[in-house]
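In what follows, a single structure is set out as structure tokens and then discussed.
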Amino acid sequence: MSLSNEDNSNQGQTYQVWDKPIRVFHWLNLLLVLSLIFVGLIMLFKREIGITSLEAKIGLKELHVVIGYIFAANLFIRILWGFLGDRFAKFSSNMPKIAEIKKYKAALRKGDNPQYLGHNPVGKLAVVIIMLTLVIIMLTGLIRAGTDIYYPPFGGVITEFIAADGVDAASIKPYDETGVDKAKLAEVKPYKSIAGTVHLYLVYFLLLLIVLHVVGVILAELKHQPGIISAMFSGKKRLEGTPLDK
Ligand code: HEM
């Protein structure tokens, strides 16, 4: 267990909580999500900002997808770490429980200030919702990348499927129907469309989650849990009193 108490002064104790993989994932994820939102917004408003050529439109999608791969790899490693990492990284110790959330809220209402080494019960709920949203955004993004611009991991299967008889699938280009069996392309369209719609609406939902997350963390830092923001940089939390999850 990664609890290393460094100091027993009356200002509390310092505990090692977030390990390096967790911190690297968190800040890299933030950077990648912001970059994906930025490129995604340019894609959404391309006409308004004067981007009209097909090459530029495809180029933007390719850029978004390449950043998306790094985002997906980072998320994949975090998911693995959720099974292999230490206690604070493990999903099994971060599952939200309604009874704990109710108890935590009641304690706050009573004026108590329960302290936690890991996430507090509301934080656990937030993390699960954010992670699930990111996973579905990643999956729908990969499906859209395969069905729209024929990028891996699904693009190869799609071009094989839509290639007309006798046409080499590798010769098929996005937004170009040369060599394409139109009936088969029409069969792919509903999947492409559903993936695109879910992707976009979950991104709107993610924007809301990001605002709630940032506001929630700042309020917790100011009101009950000073040091939680710096802990995501240093990995260490300084707590007064005994944490409930020690
Ligand atoms: C949190 C991560 C992500 C965010 C915030 C995000 C954001 C966006 C936004 C705002 C759009 C514009 C919507 C539209 O044009 O309909 C978009 C489209 C798209 N995204 Fe993502 N995305 C993310 C992850 C990914 C990933 C991991 C991939 C695949 C590797 C991906 C692939 C695509 C594709 C192919 C489109 C083009 C849809 C189209 O216009 O045809 N995205 N994304």
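Nothing here was measured: the structure is a model prediction, and the numbers come from that model. Order of listing sets the numbers, starting from 1, for every ligand and every atom in it.
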How close does the nearest protein non-hydrogen atom get to [atom], and which residue and atom is it?
atom	value
atom 18 (C) of ligand 1	Met43 CE, 3.4 Å
atom 30 (C) of ligand 1	Leu142 CD2, 3.5 Å
atom 13 (C) of ligand 1	Leu200 CD1, 3.5 Å
atom 38 (C) of ligand 1	Arg144 NE, 3.3 Å
atom 5 (C) of ligand 1	Ile37 CG1, 3.4 Å

For this session: For Phe154 and Leu142, work out which heavy atoms get closest and say how close.
Result: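 Between these two residues, the closest heavy atoms are CD1-O, 3.6 Å.
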Exercise. Can you name the nearest heavy-atom pair linking Gly12 to Arg238, along with the distance?
Worked result: O-NH1, 3.5 Å
Exercise. Parallel, tilted or perpendicular for Phe233 and Trp27, by the 30°/60° rule?
Worked result: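 The rings of Phe233 and Trp27 lie parallel, inter-plane angle below 30°.
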Exercise. What is the ring orientation for Tyr151 with Tyr69, classed by angle as parallel under 30°, tilted 30 to 60°, or perpendicular over 60°?
Worked result: parallel
I'd like the name of whichever of [options] reaches closest to [atom] through any heavy atom.
atom	options	answer
atom 15 (O) of ligand 1	Leu44, Ile67, Leu36	Leu44
atom 40 (O) of ligand 1	Lys192, Glu62, Met138, Lys61	Lys61
atom 27 (C) of ligand 1	Gly68, Gly40, Ala73	Gly68

Exercise. At under 4.0 Å between heavy atoms, which part of Val65 makes contact with ligand 1: side chain, backbone, both or neither?
Worked result: both
For this session: Answer with side chain, backbone, both or neither: which part of Leu206 has a heavy atom less than 4.0 angstrom from an atom of ligand 1?
Result: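 Answer for Leu206: side chain.
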Exercise. Donor-acceptor pair, Arg78 side chain versus Ile22 backbone, under 3.5 Å?
Worked result: no
For this session: Examine distances only and state if a side-chain atom of Lys46 and a backbone atom of Thr52 form a donor-acceptor pair shorter than 3.5 Å.
Result: no
Problem set entry | Side-chain heavy atoms of Lys124 within contact of Ile101, under 4.5 Å | no
Exercise. With side chains defined as the heavy atoms from C-beta onward, is the minimum distance between Ile210 and Ile37 less than 4.5 Å?
Worked result: yes
At less than 4.0 angstrom from any non-hydrogen atom of [X], what atoms of ligand 1 do you find?
X	value
Val203	4 (C), 5 (C), 6 (C), 7 (C)
Ile137	1 (C), 2 (C), 3 (C), 23 (C), 24 (C)
Asp148	41 (O)

Exercise. Counting heavy atoms not belonging to Phe38, are there more than 12 under 6.0 Å from its CZ?
Worked result: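 Counting neighbours around CZ of Phe38, 12 or fewer heavy atoms of other residues, nucleotides or ligands fall under 6.0 Å, so no.
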Problem set entry | Member of Leu185, Ile162, Ile172 meeting the side chain to side chain contact (heavy atoms under 4.5 Å, CB included) criterion with Glu177 | Leu185
Exercise. Where atom 21 (Fe) of ligand 1 is the centre, what is the NE2-to-NE2 angle for His199 and His64, rounded to 10°?
Worked result: 180°
For this session: Work out whether the distance between some heavy atom of Ala145 and some atom of ligand 1 is less than 4.0 Å.
Result: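 Ala145 counts as a contact of ligand 1 under the 4.0 Å cut-off.
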For this session: Please determine if Tyr69 has a nitrogen or oxygen closer than 3.5 Å to a nitrogen or oxygen of ligand 1.
Result: no
